[in-house]
Amino acid sequence: MNTPLKTPCYAVIFTSKRTDVNEGYAETGSRMLELAKTMPGFLGADSAREEVGITVSYWESLEAIKAWREHPGHGEAQRLGREKWYEWFTTRICRVEKESQFPD
């Protein structure tokens, strides 16, 4: 994501270690990003994966994060993640007070 955020906002940091199961993973991830983009309060996301994956999604409010967490489509992806795709994961929520970018 290279679009400046409106701060303050909130970041959901999802850190994970994958299993060897790949079936449906990429498709579900793409579908979840498209779904998140339709949610009120979604501001964007960044993601990287090597041995450990990190996805950071940005939201206008804690209420928007709660609505995303409780969305039925996202709930199904969470269930599949627990059953098939992740050895472990951690979710953290923090407030983003300021942002700077290079180049300006």
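The structure displayed is predicted, hence computed values, not measured ones. Count residues from 1 along the sequence.
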Main-chain N/O of Arg82 paired with Arg79 side-chain donor or acceptor, under 3.5 Å: no
Residues clustering with Trp88 (ILVMFWY side chains joined when closer than 4.5 Å, directly or via others): Val52
Nearest-0.5 Å distance that lies between atom CZ in Arg18 and atom CD in Glu50: 13.0 Å
Residues in side chain to side chain donor-acceptor pair (under 3.5 Å) contact with Glu97, at least two apart in sequence or another chain: Arg95
Non-hydrogen atoms of Ala64 and Gly41 that approach each other most closely: CB-CA, 4.0 Å
Donor-acceptor under 3.5 Å (Glu99 side chain, Leu5 main chain): yes
CD (Glu23) with more than 12 external heavy atoms under 6.0 Å: no
Cluster overlap Ile13 with Phe89, hydrophobic side-chain contacts below 4.5 Å: no
Nonpolar side-chain network containing Met39, other nodes, edges under 4.5 Å: Tyr10, Val12, Met32, Leu33, Leu35, Phe42, Trp59, Leu62, Ile65, Trp68, Ile93
Glu34/Lys37 ion pair, N-O < 4.0 Å: yes
All side-chain contact (heavy atoms from CB on, under 4.5 Å) counterparts of Pro40, not counting sequence neighbours: none
Distance-only side-chain donor-acceptor flag, Thr55 / Arg49, under 3.5 Å: no
Distance (rounded to the nearest 0.5 Å) between Glu76 CD and His74 NE2: 11.5 Å
Side chain to side chain, Asn22 and Trp85, heavy atoms closer than 4.5 Å: no
Side-chain donor/acceptor of Thr19 to backbone N/O of Val21, under 3.5 Å: yes
Partners passing salt bridge (Lys or Arg N to Asp or Glu O under 4.0 Å) against Lys84 (at least two apart in sequence or in another chain): none
Reported OH-to-SG distance for the pair Tyr58 and Cys9, which is rounded to 0.5 angstrom: 8.0 Å
salt_bridge(Lys6, Glu60) N-O dist < 4.0 Å: yes
Contacts of type salt bridge (Lys or Arg N to Asp or Glu O under 4.0 Å), residue Lys17, not counting sequence neighbours: none
hydrophobic_cluster_shared for Tyr25 and Leu80, side chain cutoff 4.5 Å: yes
Arg92 side, atom CZ; Thr15 side, atom OG1 - distance, nearest 0.5 Å: 5.5 Å
